[in-house]
Q: 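I'd like to ask some things about the structure below.
In this text the structure is predicted, and so the values were computed from the model without any measurement.
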Amino acid sequence: EEVKQSNENTQNLWKIEISSDPEKKSKAIKTGMQAFGFSISNDNKKLCFTRSIMSSNLWKFTYNKKKNIFQPQKLTKGTSLFAEPQISPDRNEIAFVYKGNIFKMNINGDSTKQLTFLKAECYSPSWSKDGKEIAFIADMNLSKVLFNGGTPKIFKETIVGSSMYWGSNVGIFYSKTGNRNFYIFNPATEEKKLLVPNDSLGWIFQPRLSSDDKYLAVYWNKIPSETK
């Protein structure tokens, strides 16, 4: 038998019988190990592997103009993964991802509240301009939830790739899987349009609007248009 890793986020250790039969089922040896890399003894009785343990916490840095320094403050603690912090428009709260769902906390690190309770993996939170809603991605669908929680709205017709951003009053920018362009999605009417009408001018990444909604900054691997 051969030992292999799961391709899921849990990175469990699995085994499967060496066979050309596609119906052969794999079996988990051990779950929750975050395992990668392994070696088996010649007698097949011992297995050695590496376990990866990752953690991340949220920090806030406040600029002290008088001293001309940034003063750090740790907002979370422990060995969990706190990720993708986004400060609200009024600068009073932070939305973030924790254990696959969307949470928020006070800017000082207290009053934490869970906003979503979905089984689907949630990520990429982004605030609306008025701070009343938070858009996010859930199981590759564009979604949104009220700033204080409740039943999320999941837009089933939107299949999102790796990037999403709520661009002020203009709309929600998102890319489809494998698509080089971005769509601008109106969450009220559920209408969408391409950011760049010509969809063959290279790859676009990370669109960000100016505060007055007049200019857009992007990473653009632009391909010159063909000339005859």
Q: For a quick test of reading the model, state the closest non-hydrogen atom pair linking Gly167 to Leu209 and the distance between them.
A: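 Looking at all heavy atoms of both residues, the closest pair is O-CD1, 3.1 Å.
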
Q: Could you walk me through whether Leu216 and Phe173 pass the side-chain contact (heavy atoms from CB on, under 4.5 Å) test, one step at a time?
A: CA-CA 11 Å; Leu216 185 72; Phe173 294 78; 4.1 Å; yes

Q: Check the pair Leu81, Lys99 against side-chain contact (heavy atoms from CB on, under 4.5 Å), reporting the backbone distance first and the verdict last.
A: CA-CA 7 Å; Leu81 289 169; Lys99 293 187 176 180; over 6 Å; no

Q: Just do the side-chain hydrogen bond (donor to acceptor under 3.5 Å, both in side chains) check on Lys132 and Asn148 with the steps written out, would you?
A: CA-CA 8 Å; Lys132 294 182 178 180; Asn148 212 27; over 6 Å; no

Q: Who passes salt bridge (charged side-chain N to carboxylate O under 4.0 Å, His left out) against Glu190, sequence neighbours left out?
A: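 For Glu190 the salt bridge (charged side-chain N to carboxylate O under 4.0 Å, His left out) partners, ignoring immediate neighbours, are Lys153.
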
Q: Is a donor from one side chain sitting under 3.5 angstrom from an acceptor on the other, for Asp90 and Ser88?
A: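 Side-chain D/A pair, Asp90 to Ser88: present.
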
Q: Give a yes or no answer on whether the side chain of Asn106 reaches the backbone of Glu93 with a donor-acceptor pair at less than 3.5 Å.
A: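 Judged by distance alone, no pair lies under 3.5 Å.
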
Q: How close do Val145 and Gly150 get, heavy atom to heavy atom, and via which atoms?
A: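 Answer, listing the atom of Val145 first, then Gly150: CG2-O, 3.8 Å.
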
Q: Within the supplied structure, the quantity of interest is the number of heavy atoms (other residues, nucleotides, ligands) at a distance under 6.0 Å from Asp43 CG; does it exceed 12?
A: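 For Asp43, atom CG is crowded (more than 12 foreign heavy atoms under 6.0 Å).
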
Q: Measure across Val160 and Asn141 and return the closest heavy-atom pair with its distance rounded to 0.1 Å.
A: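 That would be CG2-C, 4.2 Å.
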
Q: Are Met105 and Phe82 joined in one hydrophobic group, where the rule is that I, L, V, M, F, W and Y side chains link up if heavy atoms are under 4.5 Å apart?
A: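 Yes; Phe82 is reachable from Met105 via cluster members.
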
Q: Under the 3.5 angstrom rule, does the side chain of Ser126 hit a backbone N or O of Ser124 as a donor-acceptor pair?
A: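 Side chain of Ser126 to backbone of Ser124: no pair is present.
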
Q: Give the ring-plane orientation class for Phe96 versus Phe103, where under 30° counts as parallel, over 60° as perpendicular and anything between as tilted.
A: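 Parallel: the ring planes of Phe96 and Phe103 meet at under 30°.
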
Q: Over all heavy atoms of both residues, which pair between Gly171 and Ile184 is shortest? Give the atoms and the distance, please.
A: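 That would be CA-CG2, 4.2 Å.
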
Q: Under a 3.5 Å cutoff, is there a donor and acceptor pairing between the side chains of Asn101 and Thr116?
A: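 Yes, side-chain donor-acceptor contact under 3.5 Å.
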
Q: With the 4.5 Å side-chain cut-off for hydrophobic clustering, are Val170 and Trp220 part of the same group?
A: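 Looking at the clustering, Trp220 is in the same group as Val170.
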
Q: Can you measure from OG (Ser175) to CG (Leu195) and round to the nearest 0.5 angstrom?
A: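 Separation between the atoms: 11.0 Å.
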
Q: Quick one: do the Lys193 and Asn186 side chains pair a donor with an acceptor below 3.5 Å?
A: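 Result is no, nothing qualifies.
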
Q: For the backbone of Asn57 and the side chain of Lys74, can you confirm whether one donor and one acceptor N or O come within less than 3.5 Å of each other?
A: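 Not confirmed, Lys74 side chain does not pair with Asn57 backbone.
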
Q: Parallel, tilted or perpendicular, judged at 30° and 60°: which one describes the rings of Tyr63 and Phe70?
A: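 Tilted: the ring planes of Tyr63 and Phe70 meet at 30° to 60°.
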
Q: Evaluate the criterion ring pair (Phe, Tyr, Trp, His ring centres under 6.0 Å) for residue pair Phe136 and Tyr123; output intermediate values, then yes/no.
A: CA-CA 6 Å; Phe136 61 97; Tyr123 57 98; 9.1 Å; no

Q: Give a yes or no on whether the backbone of Ser80 and the side-chain of Ser55 come within a donor-acceptor separation of less than 3.5 Å.
A: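 Not at all, since once roles are kept as given, no pair shorter than 3.5 Å links the two residues.
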
Q: Would Val196 and Val218 show up in the same hydrophobic cluster when neighbours are defined by side-chain heavy atoms closer than 4.5 Å?
A: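 Yes, one cluster joins them.
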
Q: Locate the shortest heavy-atom distance separating Gly149 from Leu115; write the atom from each residue and the value.
A: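 Closest heavy-atom pair between Gly149 and Leu115: N-CD2, 3.6 Å.
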
Q: Distance-only, no hydrogens or angles: does the Asp139 side chain make a donor-acceptor pair with backbone N or O of Ala120 under 3.5 Å?
A: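 Side chain of Asp139 to backbone of Ala120: no pair is present.
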
Q: Please report the closest heavy-atom contact between Tyr165 and Pro207, naming both atoms and the distance.
A: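 Smallest interatomic distance, heavy atoms only, reads CD2-O, 3.0 Å.
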
Q: Is there a donor-acceptor pair closer than 3.5 Å between any side-chain N or O of Gln71 and the backbone N or O of Thr62?
A: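 Not at all, since once roles are kept as given, no pair shorter than 3.5 Å links the two residues.
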
Q: Can you tell me how far the CD1 atom of Ile107 sits from the CG atom of Asn92, to the nearest 0.5 Å?
A: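 If we round to the nearest 0.5 Å, Ile107:CD1 and Asn92:CG are 7.5 Å apart.
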
Q: Verify the neighbour count for atom OH of Tyr219: are there more than 12 heavy atoms of other residues, nucleotides or ligands below 6.0 Å?
A: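 Incorrect, the count does not exceed 12.
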
Q: Take a 6.0 Å sphere around CZ of Phe61 and say whether it holds more than 12 heavy atoms from other residues, nucleotides or ligands.
A: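 Count over threshold, so yes.
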
Q: Do Phe155 and Leu194 land in one hydrophobic cluster if side-chain heavy atoms of ILVMFWY residues count as linked below 4.5 Å?
A: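 Linked, Phe155 and Leu194 end up in one cluster.
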
Q: Less than 6.0 Å separating the ring centroids of Phe182 and Tyr174?
A: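 No, the ring of Phe182 stays outside the 6.0 Å limit from the ring of Tyr174, centre to centre.
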
Q: Any link between Val97 and Trp127 through a network of hydrophobic side chains (Ile, Leu, Val, Met, Phe, Trp, Tyr) touching at under 4.5 Å?
A: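 Looking at the clustering, Trp127 is in the same group as Val97.
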
Q: Within 45 degrees of the ring normal and closer than 6.0 Å to the centroid, is that where the cationic atom of Lys192 sits relative to Tyr183?
A: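 Lys192 over Tyr183 ring: yes.
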
Q: Would you indicate whether Ile87, at its atom CD1, is surrounded by more than 12 heavy atoms from other residues, nucleotides or ligands within a distance under 6.0 Å?
A: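 No, because the 6.0 Å sphere around CD1 of Ile87 holds 12 heavy atoms or fewer from other groups.
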
Q: Tell me every residue that passes salt bridge (charged side-chain N to carboxylate O under 4.0 Å, His left out) with Lys144, counting only those two or more places apart in sequence or in another chain.
A: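 Partners of Lys144 under the salt bridge (charged side-chain N to carboxylate O under 4.0 Å, His left out) test: Glu133.
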
Q: Could you check whether any side-chain N or O of Lys104 sits under 3.5 Å from a backbone N or O of Phe147, counting only pairs where one atom can act as donor and the other as acceptor?
A: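 Side chain of Lys104 to backbone of Phe147: a pair is present.
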
